[in-house]
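Data first, discussion second: the structure below is written as structure tokens.
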There are 2 protein chains.
Amino acid sequence: MPASILESLKAGGKKLTKPRKALLEILESSPLPITAAEVHARLRKGRHAIDLVTVYRNLAMLQELGLVNPVGLHEGQMRYEVRHGREHHHHIQCRGCGLIVDLLLCPLKKLTDLVERQTKFAVEGHALEFFGWCPQCR
Amino acid sequence: MPASILESLKAGGKKLTKPRKALLEILESSPLPITAAEVHARLRKGRHAIDLVTVYRNLAMLQELGLVNPVGLHEGQMRYEVRHGREHHHHIQCRGCGLIVDLLLCPLKKLTDLVERQTKFAVEGHALEFFGWCPQCR
DNA sequence: CTCTATGCAAATAATTTGCAAGCAC
DNA sequence: GTGCTTGCAAATTATTTGCATAGAG
């Protein structure tokens with residue numbers, strides 16, 4: 001368990017419980033964003049079964065602490081990925097099979113200034129995902 | 001009702017029913033993406049009440065025909081906007097009050113090639129939204 | 001007339017909330 | 001001990017499906 005995560009939890013007054021630890025391990029071992037239901041299913045298989053509600057509550061909490069990113073792919077459910085140790089990045093998803101692939105790029109660093117000037121908002125974050133057809137499905 | 005919309009409907013074997021027409025008018029009169037529930041509420045006020053189910057079915061159909069864009073702002077529900085007569089664009093939403101503002105820009109045209117080369121996907125679309133704090137809330 | 005579309009009821013699916021008991025610190 | 005956490009049950013919210021009837025072309 002990375003020290004930075006432990007520190008953030010402590011800073012937020014959060015405890016490192018057994019269910020929480022197991023959930024974080026699942027998230028860390030997942031190279032791609034996963035849904036609450038998937039986290040729950042994997043925990044169940046791994047003999048660390050915890051309630052789905054606990055998964056949701058922890059994901060929300062981790063999101064608030066900035067340890068987890070929400071990823072919305074218009075699937076009717078959210079996905080989540082840990083930030084720790086990962087470059088800021090985006091995703092592409094296949095419209096055929098649902099395959100998700102990481103994109104190691106972000107063209108938006110410069111754009112933020114422009115958006116701020118145009119809207120007078122203070123930009124805090126963004127969501128960017130691509131959709132298309134993977135080599136198998138195209 | 002724009003001819004291009006009527007043509008697309010006809011091409012798709014869809015009929016121009018009264019409920020559908022009312023729904024399209026609501027969508028066209030909304031400058032920002034709205035939810036199914038909001039469409040439904042506005043129709044009710046406007047003496048053109050139609051069933052929420054009909055709203056959902058029509059939004060799904062219009063999306064398939066490419067007449068409507070889905071907009072996901074991680075709110076737990078989808079928003080929709082008509083394409084007709086509007087430049088391709090994106091949005092920014094305030095994390096305080098939920099205000100949504102159009103962004104008249106898209107930095108991704110060039111990027112698509114890069115993504116395709118990197119992933120071997122055939123890119124068909126993308127979703128990009130910004131989050132931040134509007135002038136009132138910041 | 002024929003085939004699409006609608007309303008109503010009901011089913012699903014995702015996510016949230018209330019509360020008493022449990023556990024980390 | 002004390003306060004954050006969890007599990008279980010139940011509630012909410014969003015969206016979808018089945019089916020008989022209504023309406024557009």
Side-chain angles (χ1 to χ4, degrees), chain A residues 1 5-27 33-44 47-65 67-68 70-80 98, chain B residues 1 3 5-27 33-44 46-65 67-68 70-80 98:
Chain A
M1 184 74 53
I5 290 184
L6 299 178
E7 285 163 21
S8 295
L9 286 178
K10 182 165 294 185
K14 309 299 179 186
K15 297 174 179 175
L16 187 63
T17 62
K18 210 175 301 178
R20 187 165 287 167
K21 194 172 165 189
L23 178 146
L24 279 165
E25 276 163 10
I26 291 294
L27 280 178
I34 57 179
T35 66
E38 285 168 356
V39 171
H40 183 238
R42 292 191 198 177
L43 283 168
R44 182 177 293 187
R47 310 189 184 296
H48 285 287
I50 69 178
D51 199 283
L52 221 206
V53 175
T54 301
V55 174
Y56 274 110
R57 284 197 272 234
N58 274 289
L59 287 173
M61 180 273 284
L62 293 169
Q63 206 180 318
E64 275 186 10
L65 291 186
L67 296 176
V68 156
V71 180
L73 295 174
H74 303 192
E75 300 171 296
Q77 75 208 106
M78 279 288 146
R79 291 180 178 275
Y80 303 87
Chain B
M1 187 73 53
I5 290 183
L6 298 179
E7 285 163 22
S8 295
L9 287 178
K10 182 166 294 184
K14 309 300 180 184
K15 298 175 178 174
L16 187 62
T17 63
K18 211 176 302 179
R20 186 165 287 168
K21 195 173 164 189
L23 178 146
L24 279 166
E25 276 162 10
I26 292 293
L27 280 178
I34 57 181
T35 66
E38 285 167 356
V39 170
H40 183 238
R42 293 190 198 178
L43 283 168
R44 181 177 294 188
R47 311 188 181 296
H48 285 287
I50 68 178
D51 200 282
L52 220 206
V53 175
T54 302
V55 174
Y56 274 109
R57 284 196 272 231
N58 274 289
L59 288 172
M61 180 273 285
L62 293 169
Q63 206 181 318
E64 275 186 9
L65 291 187
L67 296 176
V68 155
V71 180
L73 295 174
H74 302 193
E75 300 171 296
Q77 75 209 106
M78 279 289 146
R79 292 179 178 276
Y80 303 86

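In what follows, chains carry the letters A, B, and so on, assigned in the order in which the sequence lines appear, proteins first and then strands, with residues in each chain numbered from 1.
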Separation of atom CD in Gln63(B) from atom P in dT15(D), rounded to whole Å: 11 Å

Does a nitrogen or oxygen in the side chain of Arg57(B) sit under 4.0 Å from OP1 or OP2 of dG7(C)? no

Gln77(A) CD to dT16(C) C1', in whole Å, measures 16 Å

Is there a side-chain contact between Ile34(A) and Ile26(A), using heavy atoms and a 4.5 Å cut-off? yes

Please determine whether the number of non-hydrogen atoms from other residues, nucleotides or ligands lying under 6.0 Å from atom CD of Gln77(B) exceeds 12. yes

What's the closest nucleotide to the Val53(B) side chain, out of dT6(D), dT16(D), dT6(C)? dT16(D)

So which nucleotide from dA14(D), dC25(C), dT6(C) ends up closest to the side chain of Leu16(A)? dC25(C)

Using only heavy-atom distances, decide whether a donor-acceptor pair under 3.5 angstrom links the side-chain of Lys15(B) to the base of dC3(C). yes

Spacing between Leu59(B) atom CG and dT16(D) atom P, to the nearest angstrom: 10 Å

Below the 4.0 Å mark, does dT16(D) have OP1 or OP2 next to a side-chain nitrogen or oxygen of Tyr56(B)? no

Is there a side-chain contact between Thr54(B) and the phosphate of dG7(C), meaning an N or O under 4.0 Å from OP1 or OP2? yes

Between dT5(D) (C1') and Leu62(A) (CG): distance, integer Å: 13 Å

Does the side chain of Tyr80(B) reach to within under 4.5 Å of the side chain of Pro70(B), using non-hydrogen atoms? yes

Rounding to an integer number of Å, can you tell me how far Met78(A) CE sits from dT16(C) P? 10 Å

Can a side chain N or O of Thr17(B) be found less than 4.0 Å away from OP1 or OP2 on dT4(C)? no

Start at the 5' end of DNA chain D and walk down; is the nucleotide closest to Glu75(B) or to Lys18(A) reached first? Lys18(A)

Distance, rounded to the nearest Å, where His74(A) contributes NE2 and dT16(D) contributes P: 14 Å

Atom pair distance, as rounded to whole Å: CG in Leu43(A) and C1' in dT6(D): 14 Å

From Asn58(B), Thr54(B), Leu62(B), residue fulfilling side-chain contact (heavy atoms from CB on, under 4.5 Å) relative to Arg20(B): Asn58(B)

Leu65(B) has an atom CG; how far is it from atom P of dT4(C), in whole Å? 14 Å

Closer to the 5' end of DNA chain C via nearest nucleotide, is it Thr35(A) or Met61(B)? Met61(B)

Could you pick out which residue, Gly76(B) or Leu52(B), lies toward the 5' side of DNA chain C when each is mapped onto its nearest nucleotide? Leu52(B)

Smallest heavy-atom separation, His48(A) atom then Ala22(A) atom, equals CB-CB, 3.9 Å

